[in-house]
Amino acid sequence: MKKYRFLILRRLVQIGTLFLFALGNYAGVKVLEGNLSAARLLGSLNIADPFGFLQAVLAGSAIAAEFAIGALIVLAFYAIVGGRVFCSFVCP
């Protein structure tokens with residue numbers, strides 16, 4: 001029973017994150033623009049998946065500065081909050 005302790009809260013955060021992406025496309029409210037790999041929060045803060053960034057670097061593709069900064073922001077957030085905590089609530 002203990003493993004289901006945070007299940008409802010986790011599902012609400014996951015659905016809320018997806019809802020914020022959909023809200024920008026359907027209602028024009030730009031809270032989160034982009035996709036789950038790279039997005040823009042509130043029109044100004046770039047956030048990007050650090051593993052997607054690493055994949056792009058290793059593939060040899062040209063890297064935009066916004067992509068690198070967004071990956072560093074998320075990586076810093078992972079370091080502060082903890083990767084397992086963040087992913088257990090947000091990752092679908």
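Remember, predicted model here, so these are calculated numbers, not experimental data.
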Atom pair CD1 (Ile80) and CZ (Phe77), whose distance is rounded to the nearest 0.5 Å: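 Reported value, rounded in 0.5 Å steps: 8.0 Å.
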
Gln55: partners by side-chain contact (heavy atoms from CB on, under 4.5 Å), with sequence neighbours left out: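 Not a single residue meets the side-chain contact (heavy atoms from CB on, under 4.5 Å) criterion with Gln55.
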
Got a list of side-chain donor-acceptor pairs under 3.5 Å for residues 64-74, not counting sequence neighbours?
none

If hydrophobic clusters are built by linking Ile, Leu, Val, Met, Phe, Trp and Tyr wherever their side-chain heavy atoms come under 4.5 Å apart, do [X] and [Y] end up in the same one?
X: Phe19; Y: Ile47; result: yes
X: Phe51; Y: Leu58; result: no
X: Leu54; Y: Leu75; result: no

Sequence-distant partners of Asn46, side-chain hydrogen bond (donor to acceptor under 3.5 Å, both in side chains), two or more places apart: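 Applying side-chain hydrogen bond (donor to acceptor under 3.5 Å, both in side chains) to Asn46 gives Arg40.
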
